[in-house]
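Below: the structure, in structure tokens.
We name chains A, B, ... by the order of the sequence lines, and we start the count at 1 in each one.
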Number of protein chains: 2
Amino acid sequence: MENEGQGKGPHARVLETLGPEITAGDFPPGTVLRTDELAERFDVSRTVVREVIRVLESMQLVVSRRRVGVTVRPTEEWNVYDPRVIGWRLAGRDRPRQLRSLTVLRSAVEPVAAGLAAAHATPDQCAELTGHAMGMVATSRGQQLDAYLVHDTAFHRVILTASGNEMFARLADVVAAVLTGRTQHHVMFTDPDPAAVTLHVQVAEAVRVGDAARAEALTREITTGAMAELDVLAP
Amino acid sequence: MENEGQGKGPHARVLETLGPEITAGDFPPGTVLRTDELAERFDVSRTVVREVIRVLESMQLVVSRRRVGVTVRPTEEWNVYDPRVIGWRLAGRDRPRQLRSLTVLRSAVEPVAAGLAAAHATPDQCAELTGHAMGMVATSRGQQLDAYLVHDTAFHRVILTASGNEMFARLADVVAAVLTGRTQHHVMFTDPDPAAVTLHVQVAEAVRVGDAARAEALTREITTGAMAELDVLAP
DNA sequence: CTGTGATGTAAAAGTCATACTTAATTGGCT
DNA sequence: AGCCAATTAAGTATGACTTTTACATCACAG
């Protein structure tokens with residue numbers, strides 16, 4: 001299979017090819033691409049190429065200037081919060097680096113989000129939370145990592161949305177990607193850390209009773225654990 | 001002056017008009033816009049409108065579907081981390097809400113960033129940091145809020161970049177916008193809180209000597225102070 | 001001879017108009 | 001209810017034209 005974006009029309013096909021190439025670093029910063037060349041390479045009209053370029057430009061991956069062409073921007077200027085950029089980088093070669101950045105971000109955001117969730121969570125959300133925590137307990141032994149992962153991601157998604165902060169809520173997908181990525185590494189070899197499971201149960205409880213400080217502290221333990229785990233696995 | 005984006009070409013003009021309108025909520029979620037109408041309204045070709053739509057679509061502000069049109073998406077799905085979206089919302093009518101979200105985000109991120117900065121900052125960055133802290137001290141009295149603001153934003157920018165985490169570093173502009181926005185409210189009426197100034201000096205010192213825990217704790221004081229300040233000023 | 005500044009040219013993005021294709025909603029018909 | 005056709009609006013292609021601007025050329029002063 002040459003390209004993954006085949007049934008989606010030319011625009012998506014070009015974007016889903018060029019984007020990953022750029023984020024993977026195939027074109028060093030400063031490289032100039034010309035729209036005519038791209039049109040020829042992908043066998044599409046200049047119209048399609050221009051629209052793709054505009055999207056890449058809105059991600060700050062490239063800058064388009066008259067008489068010079070489309071220039072690839074340095075990494076530090078990229079919109080690293082754009083979900084597609086995150087996805088591309090997670091799929092590409094600096095996946096470890098990206099995973100690390102995101103885990104650090106998690107360690108900053110999730111504890112605060114948990115604290116806010118303790119103050120703002122609705123009864124429904126509390127129920128969801130304890131449900132998923134119990135689900136994690138139930139699936140934490142006996143090579144059921146897939147089912148465990150479902151509950152784990154759902155748990156963190158509820159925390160982030162229950163925080164009541166839109167910025168936190170929008171990180172739910174990112175956290176899900178990190179958790180999924182992590183699981184894909186120790187593929188079904190080791191059951192999840194029992195201590196982590198316990199912590200999730202305790203967080204759910206703290207949120208339920210509205211103990212913000214405790215929810216925050218416990219979540220901080222979870223995320224620092226996640227970072228430690230990352231240090232063990234990656235260089 | 002009708003539009004601010006005049007010397008920038010049709011594309012920028014349309015984007016800088018339509019984007020703010022959408023983020024301001026002028027079009028309730030579910031509203032459909034048709035490209036032909038927009039082309040007529042702005043007196044540009046469909047080409048330009050389509051490219052703008054593609055950009056708005058990449059910000060998740062709208063979704064474009066055949067035979068139906070361009071539909072405005074609900075707020076929860078927007079790319080709230082896109083710098084332009086942030087800017088538009090800060091300029092629009094739910095500026096208070098946005099300012100609050102961002103301040104909460106700051107309270108999560110900056111302390112952790114400061115802790116990392118204490119571990120990773122180069123001597124140059126330490127020097128910059130203390131320089132700006134001293135600059136804040138020097139400009140903290142006598143209605144010099146403008147000069148103070150310059151040092152303040154620079155200070156936080158150094159912290160975020162010195163953390164060594166790309167995701168944190170990319171929030172520097174956002175934090176700058178928040179600080180600027182805050183200053184624009186108490187316009188030259190009150191000098192900055194002396195306690196806050198002292199905290200910045202202490203953070204610079206903690207970073208310099210590599211005391212991560214102290215840097216984090218002190219920064220947490222700064223950000224909680226910022227949140228408290230916001231509660232006083234806004235409903 | 002050299003450095004500096006004006007000028008002209010060409011290259012590439014930007015815009016426009018138009019014709020055509022494709023997908024999906026709608027409504028009518030069986 | 002289910003299927004089919006008509007219609008609608010986005011998507012794509014093409015070609016002509018405009019605008020900006022990097023770059024080279026040349027003139028002139030030092």
Side-chain angles (χ1 to χ4, degrees), chain A residues 2-19 21-22 27-74 77 84, chain B residues 2-19 21-22 27-74 77 84:
Chain A
E2 178 77 38
N3 277 331
E4 45 208 340
Q6 287 163 2
K8 296 290 187 180
H11 178 87
R13 195 187 96 234
V14 175
L15 186 63
E16 292 301 316
T17 307
L18 249 191
E21 284 180 358
I22 294 174
F27 306 104
T31 306
V32 299
L33 313 167
R34 266 154 311 154
T35 54
D36 289 335
E37 284 184 2
L38 292 172
E40 189 192 9
R41 171 184 165 193
F42 290 103
D43 192 37
V44 294
S45 69
R46 248 179 80 230
T47 310
V48 169
V49 171
R50 294 198 84 267
E51 289 176 7
V52 168
I53 294 300
R54 282 253 131 98
V55 172
L56 294 174
E57 201 172 18
S58 102
M59 299 170 173
Q60 312 269 319
L61 295 184
V62 301
V63 60
S64 177
R65 276 151 43 205
R66 274 182 155 129
R67 164 66 204 221
V68 51
V70 177
T71 312
V72 177
R73 306 182 76 168
E77 298 175 2
R84 255 167 319 196
Chain B
E2 177 78 38
N3 275 331
E4 46 208 342
Q6 287 163 1
K8 296 291 187 181
H11 178 85
R13 196 188 96 233
V14 175
L15 186 62
E16 292 301 316
T17 307
L18 208 50
E21 284 180 358
I22 295 174
F27 307 103
T31 306
V32 299
L33 312 168
R34 266 154 311 156
T35 54
D36 288 335
E37 284 185 2
L38 293 171
E40 188 191 12
R41 170 182 166 195
F42 291 102
D43 193 36
V44 294
S45 68
R46 247 180 83 227
T47 310
V48 170
V49 171
R50 294 199 83 268
E51 288 175 10
V52 169
I53 294 300
R54 280 254 130 99
V55 172
L56 294 174
E57 200 173 20
S58 103
M59 298 170 173
Q60 312 268 79
L61 295 184
V62 302
V63 59
S64 178
R65 275 152 43 205
R66 272 184 157 130
R67 164 65 206 229
V68 51
V70 177
T71 312
V72 178
R73 306 182 74 168
E77 298 176 2
R84 257 168 318 197

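Taking atom CZ of A/Arg34 as the reference point, atom P of D/dA22 lies 16 Å away to the nearest angstrom. Between the CD1 atom of B/Ile53 and the P atom of D/dT12 there is a distance of 14 Å, given to the nearest Å. Between B/His11 atom NE2 and D/dT20 atom P there is a gap of 16 Å when expressed in whole angstrom units. Atom-to-atom, CG of A/Leu15 to P of D/dT12 comes out at 12 Å; the value is rounded to the nearest Å. Rounded to whole angstrom, the span from the CD atom of A/Glu40 across to the P atom of D/dT14 amounts to 13 Å. Regarding B/Glu37, its CD atom lies at a distance of 14 Å from the P atom of D/dT8, rounded to whole Å. When rounded to the nearest whole Å, the span between CZ of A/Phe42 and C1' of D/dA13 equals 18 Å. Regarding A/Arg50, its CZ atom lies at a distance of 15 Å from the P atom of D/dT12, rounded to whole Å.
Taking every nucleotide of DNA chain C with any atom under 4.0 Å from a non-hydrogen atom of chain A, the first and last of them, 5' to 3', are C/dA10 to C/dT15.
Residues A/Ile53 and A/Val62 share a closest heavy-atom pair of O-CG2, 4.2 Å. Scanning both residues, A/Pro28 and A/Val72, for their nearest heavy atoms gives O-CB, 4.0 Å.
Side chain of B/Arg65 to main chain of B/Thr71: no donor-acceptor pair is present (N/O by atom type, distance under 3.5 Å, no hydrogens or angles).
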Between B/Arg41 and B/Thr17, does a side-chain contact (heavy atoms from CB on, under 4.5 Å) hold up when you go through it step by step? CA-CA 11 Å; B/Arg41 170 182 166 195; B/Thr17 307; 4.0 Å; yes
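Looking at residues two or more places apart in sequence or on another chain, you find no side chain to side chain contact (heavy atoms under 4.5 Å, CB included) involving A/Glu40.
The stretch residues 55-70 of chain B touches DNA chain D through B/Ser64, B/Arg65, B/Arg66, B/Arg67, B/Gly69, each having a heavy atom under 4.0 angstrom from the strand.
The pair A/Glu57-A/Arg54 meets the salt-bridge criterion, with a side-chain N (NZ, NE, NH1 or NH2) lying under 4.0 Å from an Asp/Glu carboxylate O.
At D/dA10, one or more side-chain N or O atoms of B/Thr35 fall inside 4.0 Å of OP1 or OP2 (strictly under the cut-off).
The base of D/dG11 does not come close enough to the side chain of B/Arg54 for any donor and acceptor atom to sit less than 3.5 Å apart.
The side-chain contact (heavy atoms from CB on, under 4.5 Å) test with A/Glu16 singles out one residue from A/Lys8, A/His11, A/Glu21, A/Arg84, and that residue is A/Arg84.
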